[in-house]
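Here the structure comes first, spelled out in structure tokens, and everything after it is commentary.
Computed from heavy atoms alone, side chains included, the values below leave out hydrogens, waters and symmetry copies. Note that the coordinates shown come from a computational prediction; the quantities given were computed from them, not determined experimentally.
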Amino acid sequence: MEKLFDIPGFTYFSEKNIYTGSINNLFNYKITTGEKLSAVIWLGKFCLAKTPDDKIIANADFELTKEGLDELKNWLNQKYEENKEITLS
């Protein structure tokens, strides 16, 4: 499978950093940390703060561990595959 997401390693998130990215400026994601890794995915050309609720397609929490980060990456790939036709238009 082609590598779609260039997400930093676990150390980046263990320091409580935030990471955002997109594919084709249409499939957008944001990863934040606290007690857990939290991810949100939205569609469209706007930042998350300006995105209508109906364009937020998924959010999930994962353990703040290397394994949790791997699960998050797999989840992100799965959500992209489910919405691929939208991001290729």
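When all heavy atoms of Phe46 and Trp42 are compared, the closest pair comes out as O-NE1, 2.9 Å. Asn28 and Ser22 get closest at one heavy-atom pair: OD1-CB, 3.0 Å. Between Leu43 and Phe27 the shortest heavy-atom distance is CD2-CD1, 4.0 Å. Contact detail for Lys30 and Thr20: the closest heavy-atom pair is CG-CG2, 3.5 Å. Taking all atoms of both residues into account, the shortest heavy-atom contact from Leu72 to Ala39 is CD1-CB, 3.9 Å.
One hydrophobic cluster holds both Trp75 and Tyr12 under the rule that ILVMFWY side chains link at heavy-atom gaps under 4.5 Å. Leu48 and Leu76 fall into different hydrophobic clusters, where Ile, Leu, Val, Met, Phe, Trp and Tyr residues are linked whenever their side-chain heavy atoms come under 4.5 Å apart, directly or through other members.
Every residue meeting the salt bridge (Lys or Arg N to Asp or Glu O under 4.0 Å) condition with Lys79, not counting sequence neighbours, appears here in chain and number order: Glu82.
To the nearest 0.5 angstrom, Ile41 atom CD1 is 7.5 Å from Asn83 atom CG. Rounding to the nearest 0.5 Å gives a distance of 14.5 Å between CG of Leu26 and NZ of Lys84. To the nearest 0.5 Å, atom CD1 of residue Ile7 and atom NZ of residue Lys73 are 6.0 Å apart.
Proximity of a side-chain donor or acceptor of Asn17 to a complementary backbone N or O of Phe13 within less than 3.5 Å is not detected. Of the possible donor and acceptor atoms, one in the side chain of Lys16 sits under 3.5 Å from a partner among the backbone N and O of Gly34. No donor-acceptor pair closer than 3.5 Å links the side chain of Tyr80 to the backbone N or O of Ile23.
Put simply, the side chain of Val40 does not reach to within 4.5 Å of the side chain of Thr32, judged on heavy atoms. Looking at Leu64 and Glu35, their side chains never come closer than 4.5 Å, going by heavy atoms from C-beta outward.
Ring geometry for Tyr19 against Tyr29 counts as tilted: the plane angle lies between 30° and 60°, on a 0 to 90° scale.
For the side chain to side chain contact (heavy atoms under 4.5 Å, CB included) with Ser38, the qualifying choice from Ile31, Asp61, Thr33 is Asp61, the only one to do so.
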